Amino acid sequence: MKNQNGNKWWRQAALIAAVLVVYIYAVQATQINLEEPLKPRRQENLIGLIRELAHPDLFAFENETRSTNISIRMPCPEEIKGSQVTAEGRVATLAPNCATTTQDLLQLSGEGFKPNGRIVVFWHPVGSTSVRRLTDTKADAEGKFVTQFTMPDIRETADPQRIEIVEVIDRRIIGLSDTSNEALQKIVETVLMALLASTFGTLLAIPLSFIAARNLMESIKVPLAATMLAIILTPVLAGGGWILVSRLTTPLVNTDSGVLLSIKDSFLTFGFVGNFIYVLLFFLFLLLLPLLAALVGLIVAVVLGNRYGQEAMMRMSDGTARGVTAVLTFLGSAILFLLIALFISWLNVLGVSQFLPETTTGRVQMLLLPAGVVGAVGAILSLRRDPKRPFAIGFIIYTLTRGIFNAIRSIEPIMMAFVFVVWVGLGPFAGIMALTLHSLADLGKLFSEEVENIAEGPLEAITATGANFVQQISYAVIPQIFRQYIAYIFYRWDINVRMSTIIGFVGGGGIGFVLQRNINQTLYTKASVMVIAIAIVVGVLDYLSAQIRDRII
Amino acid sequence: MLRVKNLTKVYEDGTVALDNVSFEVPDGQFVAIIGLSGSGKSTLLRCINRLIEPTSGEIWWNDVKLSHISGEELRRARRKIGMIFQHFNLVDRSSVLTNVLSGRLGYVNPIASILKRFPPEDIERAYANLERVGIRDKAHNRADELSGGQRQRVGIARALMQEPELILADEPVASLDPALAHSIMRHLQQINQEDNITVLCSLHFLDLVQQYSTRAIALNKGQLVFDGRPEEIDDERFAEIYGREAERIG
């Protein structure tokens with residue numbers, strides 16, 4: 001007993017010591033430095049920055065001003081004097097009233113100016129239409145001021161030159177500043193970017209979420225031969241569908257001679273609606289139709305493989321079934337290996353393509369033997385199992401889909417945006433694509449977890465009626481998850497607005513792009529406006545999405 | 001005719017839910033399955049329509065080897081086997097009518113059904129079946145607005161939509177009060193006698209077994225311990241099925 005306690009004491013002490021060491025090292029590793037922030041230069045910079053940020057360039061002002069002119073000589077005559085002017089009760093004194101070098105200090109004082117008013121001193125150099133700002137100051141409560149300055153430049157003339165003392169008598173807001181207008185325009189762009197990304201992400205995530213839900217997929221089991229038949233048919237039918245349809249649509253969307261491109265201008269005469277239709281048609285022909293053809297090919301392959309493969313299996317004697325399964329497994333695993341290997345070599349993962357021939361045919365020839373070996377191994381493994389026993393293909397698809405979702409989710413959207421900027425150029429379109437991809441993976445995971453949380457009873461009951469997979473989803477699953485999905489879409493929109501501000505930093509468009517530019521150009525009063533705009537929109541969306549979620553669920 | 005041969009189910013955690021169970025059910029029987037909670041009644045019923053995968057053994061429905069089919073063939077077999085559940089298993093957020101119509105999913109055109117389109121004769125049949133169980137007026141209510149007894153009637157109507165040859169009822173009255181229990185059991189009896197549908201029904205209460213069933217099968221720890229007429233279950237048999245402990249309490 002005593003021994004045990006002693007043991008415990010040492011363990012705790014060792015644990016505390018270990019934790020302490022981690023913290024002590026962390027201070028060094030993170031370069032915590034208390035001297036630097038104490039330096040006066042740093043503090044001045046900080047105060048300057050914070051003051052600028054605290055002074056956002058929100059409004060456009062109109063100043064009502066009053067001028068008092070006093071003259072200056074350059075260079076100084078032999079006898080140096082001061083000069084004084086009086087105008088409507090205001091007295092301004094300049095001493096000395098001349099400058100020979102840019103080092104000569106001049107003192108300007110005044111009385112009878114607007115109490116507490118802002119005063120800016122300008123010089124009108126002879127022979128120049130522009131004015132030079134010399135200094136600015138503020139009158140005290142009695143309307144007096146004293147300020148000192150040097151001339152930035154010496155223009156020697158015989159006649160005296162004019163110095164203008166400008167008082168701001170009144171200052172009125174006449175509307176939003178250009179910065180605010182830009183912020184407004186860009187924040188709308190950002191919100192719309194997030195909206196499109198959330199919509200596209202949702203549309204893609206919904207069907208995928210069902211095949212990433214364990215409770216739906218686990219029960220999908222078909223004989224191995226049927227699975228392999230589907231794998232063999234997929235590249236032929238899906239690939240064939242893609243190639244066939246894209247051959248047909250290429251003449252329409254070709255960037256050199258595309259029919260659609262040549263009539264783009266007539267679309268654009270209808271303004272943004274015309275542009276929408278143009279983009280829609282382009283998307284339809286370029287991607288959607290070939291993709292649909294590939295999808296139909298995939299479905300046909302799966303249905304054919306599933307239905308006929310399965311029925312054939314059941315009719316065959318055990319020996320025949322085993323043989324057919326082995327042959328199909330040989331072909332199926334060889335084809336799968338070949339496709340994956342070709343993809344890896346095309347991607348040049350870890351630089352593998354330097355060991356492979358240049359052309360695709362060369363690569364296929366080289367990979368045939370390994371594919372044969374993989375196929376043979378697959379076939380031998382397939383012989384070890386009962387050919388009529390269902391094979392849990394559903395679980396494999398579930399695991400793969402979930403894995404892909406998690407992999408995509410773990411890639412920073414900023415990295416995705418960077419990749420898409422390279423592909424589609426700077427601007428919000430790249431941002432939309434990056435956010436769509438991230439939303440797809442994120443929503444796919446959230447949605448599929450929602451599917452996994454449904455009450456199993458209704459699903460069991462619908463399955464028992466003989467409903468197929470799609471019917472099970474539409475009758476037992478969708479009624480149970482519909483509201484949660486809607487809530488998640490709004491939640492994702494909210495997140496996407498926040499993310500799109502970050503994505504702008506790498507050129508993904510939206511307000512982040514402007515914010516980054518302002519920061520780089522040290523225009524902090526403008527940057528401040530962008531920050532305020534983001535804060536307002538994020539706050540409002542956060543509130544709205546919480547409200548909508550509360551109301552729906 | 002339902003034939004169960006050497007059926008065994010071992011769950012992944014090692015629990016033996018069914019241990020070499022064999023029996024035959026000629027068409028038209030009303031078979032009660034009795035036994036303690038956890039004796040394997042639900043597992044047996046779910047193995048028959050393959051909501052649970054048997055570990056070994058065979059199940060035949062006429063000349064279809066239910067235990068070994070999959071995919072399309074399994075769906076075609078399932079649509080002839082109606083199922084009724086203890087917790088009704090209705091889709092709460094859908095209407096009563098939709099719940100009943102979902103019994104037709106094994107028959108209708110899959111694409112039309114996804115768009116919630118059913119042939120007019122199916123809709124008529126749905127109303128007729130709701131009429132038969134006495135809740136036609138609830139057709140357009142949401143399923144979760146109904147009381148327990150009404151919900152189980154929806155469950156029966158859904159099973160009837162399948163035009164079943166066999167009905168599996170998994171403790172259909174265990175969540176209902178005694179009065180409702182008798183009304184639900186009478187519906188099942190009527191279906192069994194009028195439509196000549198074979199019924200396999202797991203039950204807890206012996207008086208229900210003796211009142212409604214024509215045959216009783218008892219399971220204890222996954223093994224078949226009794227197969228005979230319900231009235232043969234005397235005190236001695238009861239003790240064998242439920243254990244000595246239960247005898248004193250009951």
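Quick note on labels: first sequence line is chain A, next is B, and so on, each numbered from 1. Only a predicted model underlies this, so the values are computations on that prediction, with no experimental measurement involved.
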* Is Arg79(B) positioned over the aromatic face of Tyr107(B), cation under 6.0 angstrom from the ring centre and no more than 45 degrees off axis? -> yes
* Asked: Using non-hydrogen atoms only, which part of His87(B) is less than 4.5 Å away from chain A: side chain, backbone, both, or neither?
  -> neither
* To do: Compute both the distance and the angle, then confirm whether Lys116(B) meets the cation-pi test with Phe118(B): under 6.0 Å from the six-membered ring centre, within 45 degrees of the axis.
  => no
* To do: Decide, yes or no, whether a salt bridge links Glu163(B) with Arg104(B) under the criterion of side-chain N to carboxylate O below 4.0 Å.
  => yes
* Is it the side chain or the backbone of Glu72(B) that comes within 4.5 Å of chain A heavy atoms, both, or neither? -> both
* To do: Determine, for Arg151(B) against Asp144(B), whether the closest basic-nitrogen to carboxylate-oxygen distance falls under 4.0 angstrom.
  => no
* Asked: Is the cationic atom of Lys221(A) (NZ for Lys, CZ for Arg) positioned less than 6.0 Å from the six-membered ring centroid of Phe395(A) and within 45 degrees of its normal?
  -> no
* Structure fact -> Assert top hit (heavy-atom pairs under 4.5 Å, partner chain B, pool Ala226(A), Ala464(A), Ala455(A)) equals Ala464(A)
* Asked: Phe469(A), Phe482(A), Tyr475(A): which one forms the most heavy-atom pairs within less than 4.5 Å of chain B?
  -> Tyr475(A)
* Below 4.5 Å from any heavy atom of chain A, which atoms of Ile81(B) appear? Answer side chain, backbone, both or neither. => backbone
